[in-house]
Amino acid sequence: MKVEIKKVDSAELPECLRVIHKSFATVAKAFGLTEENCPRHTSFMPLSFLETQLNWGWHMFGLYAGGEIIGYMSLSKEDDDVFELHNLAVLPEYRHNGFGKLLLDRAKETVRSLGGNKIKIGIIEESTVLKNWYIANGFVHVGTKKFDHLPFTSGYLEWRVR
């Protein structure tokens, strides 16, 4: 299957949100997250969040197959040389084909091209499969934090330009 990664524009945000919701719904189900116990989880994110992020100048990318968006990720500049990776998602029916790695590699290329030296990410710490995937792709686990309003522990990883 031929895929390509392109920057998305405002007209594509509803489709990106559909991909995010469908992708993160599997996470919500696996960890028992609902709008009641975790209303700000990515699987319940409103379109206005993506619109605001685009207006803030976040770098937003779609993974396209046959003209359809099947994956998504975004990057925000947090400091002079530090970026944060957000909402890396691949539709469940397209997983385990290396598409997540393609998106992650594009994130790394983008950060390098913008003069960045580090990518940070926050995940559900208890998601060991995801944590191990990031570690296998060059990230280092740097810590955890438990927030009273979240029904899970937040885990933090970083990748540095070599």
Side-chain angles (χ1 to χ4, degrees), residues 1-35 38-78 82-116 118-124 127-139 150 152 154-159 161:
M1 172 185 308
K2 183 179 179 327
V3 297
E4 64 178 325
I5 299 172
K6 301 187 293 191
K7 278 201 157 193
V8 298
D9 61 35
S10 59
E12 295 169 300
L13 292 181
E15 185 60 20
C16 293
L17 186 65
R18 185 189 71 77
V19 169
I20 291 167
H21 281 169
K22 191 171 179 187
S23 299
F24 280 88
T26 61
V27 177
K29 183 177 181 193
F31 291 95
L33 307 179
T34 66
E35 286 192 76
C38 196
R40 293 190 53 129
H41 185 258
T42 309
S43 58
F44 313 119
M45 180 170 58
L47 181 60
S48 61
F49 279 31
L50 288 182
E51 292 166 341
T52 298
Q53 293 164 358
L54 185 65
N55 290 335
W56 285 344
W58 286 22
H59 304 272
M60 304 171 130
F61 297 90
L63 175 69
Y64 296 77
E68 176 189 357
I69 299 175
I70 64 165
Y72 173 85
M73 65 92 174
S74 64
L75 289 162
S76 62
K77 189 170 186 175
E78 299 298 309
V82 179
F83 289 77
E84 186 163 347
L85 178 64
H86 304 273
N87 305 327
L88 191 145
V90 174
L91 288 173
E93 61 268 31
Y94 292 98
R95 290 179 183 162
H96 309 294
N97 290 298
F99 297 144
K101 183 171 176 4
L102 287 176
L103 284 164
L104 189 57
D105 288 347
R106 172 57 69 86
K108 291 175 180 178
E109 290 168 22
T110 300
V111 167
R112 274 192 204 101
S113 73
L114 295 171
K118 186 193 301 185
I119 299 174
K120 299 173 8 173
I121 188 166
I123 65 167
I124 295 175
S127 182
T128 53
V129 170
L130 183 63
K131 180 170 52 175
N132 289 337
W133 181 80
Y134 277 109
I135 291 169
N137 281 284
F139 281 70
L150 295 176
F152 55 82
S154 295
Y156 300 97
L157 297 104
E158 294 180 352
W159 173 85
V161 174

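Note: hydrogens, waters and symmetry copies are ignored here, and every other heavy atom, side chains too, is used.
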Given the rule in the side chain to side chain contact (heavy atoms under 4.5 Å, CB included) test, do F49 and H86 qualify, once you have shown the distances and angles that lead to the verdict? CA-CA 12 Å; F49 279 31; H86 304 273; over 6 Å; no

Please evaluate residues W133 and L104 with respect to the criterion side chain to side chain contact (heavy atoms under 4.5 Å, CB included), reporting the C-alpha separation (whole Å), side-chain torsions for both, the decisive distance (0.1 Å), and the verdict. CA-CA 11 Å; W133 181 80; L104 189 57; 3.7 Å; yes

Derivation of the side chain to side chain contact (heavy atoms under 4.5 Å, CB included) call for T52 and W58: CA-CA 9 Å; T52 298; W58 286 22; over 6 Å; no

Might you work through the side chain to side chain contact (heavy atoms under 4.5 Å, CB included) test for Y94 and F99, ending with a clear yes or no? CA-CA 8 Å; Y94 292 98; F99 297 144; 4.0 Å; yes

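Closest heavy-atom contact between A65 and I70: CB-CD1, 3.8 Å. Counting all heavy atoms, side chain and backbone alike, G122 lies closest to Y156 at CA-CD2, 4.0 Å. In terms of heavy-atom proximity, T26 sits nearest to P92 at CG2-CG, 3.8 Å. Taking every heavy atom of both residues into account, S74 and M60 meet most closely at CB-CG, 4.0 Å. Between A89 and F24, the shortest heavy-atom contact is CB-CE1, 3.8 Å. Shown here for V8 and G62, the closest heavy-atom pair between the two residues is CG1-N, 3.4 Å.
Under a 4.0 Å N-O distance rule, the pair R112/E109 does not qualify as a salt bridge.
Residues T110 and F61 form a side-chain contact, since some pair of their non-hydrogen atoms from C-beta on lies under 4.5 Å apart. Counting heavy atoms from C-beta on, the side chains of I20 and M45 come closer than 4.5 Å. Residues S10 and E51 are not in side-chain contact: their nearest non-hydrogen atoms beyond the backbone lie 4.5 Å or more apart. Side-chain contact between S23 and Y72: absent, with no pair of heavy atoms (C-beta onward) separated by less than 4.5 Å. The shortest side-chain heavy-atom distance between V90 and K101 does not fall under the 4.5 Å cut-off. With a 4.5 Å cut-off on side-chain heavy atoms, H21 and L17 count as touching. Considering only heavy atoms from C-beta on, L75 comes within 4.5 Å of V111 through its side chain. Side-chain contact between I124 and L33: present, with at least one pair of heavy atoms (C-beta onward) separated by less than 4.5 Å.
Here the CD1-CG distance, from I69 to L13, works out to 8.5 Å after rounding to the nearest 0.5 Å. Between the CG atom of L50 and the CG atom of N55 there is a distance of 11.0 Å, given to the nearest 0.5 Å. The structure places OG1 of T34 at 11.0 Å from NE2 of H41, a figure rounded to the nearest 0.5 Å. To the nearest 0.5 Å, the span separating OG1 on T42 from CG on N87 amounts to 5.0 Å. Atom CG of residue N132 and atom CZ of residue F139 lie 14.0 Å apart, to the nearest 0.5 angstrom. Going from atom CG of N137 over to atom CG of D105 covers 7.0 Å, rounded to the nearest 0.5 Å.
Residue Y64 is tested with E4, K2, K6, E12 for a side-chain hydrogen bond (donor to acceptor under 3.5 Å, both in side chains); the sole match is E12.
Panel note: side chain N97, backbone R95; a donor-acceptor pair is recorded below 3.5 Å.
Within a 6.0 Å sphere centred on NZ of K120, other residues, nucleotides and ligands contribute 12 heavy atoms or fewer.
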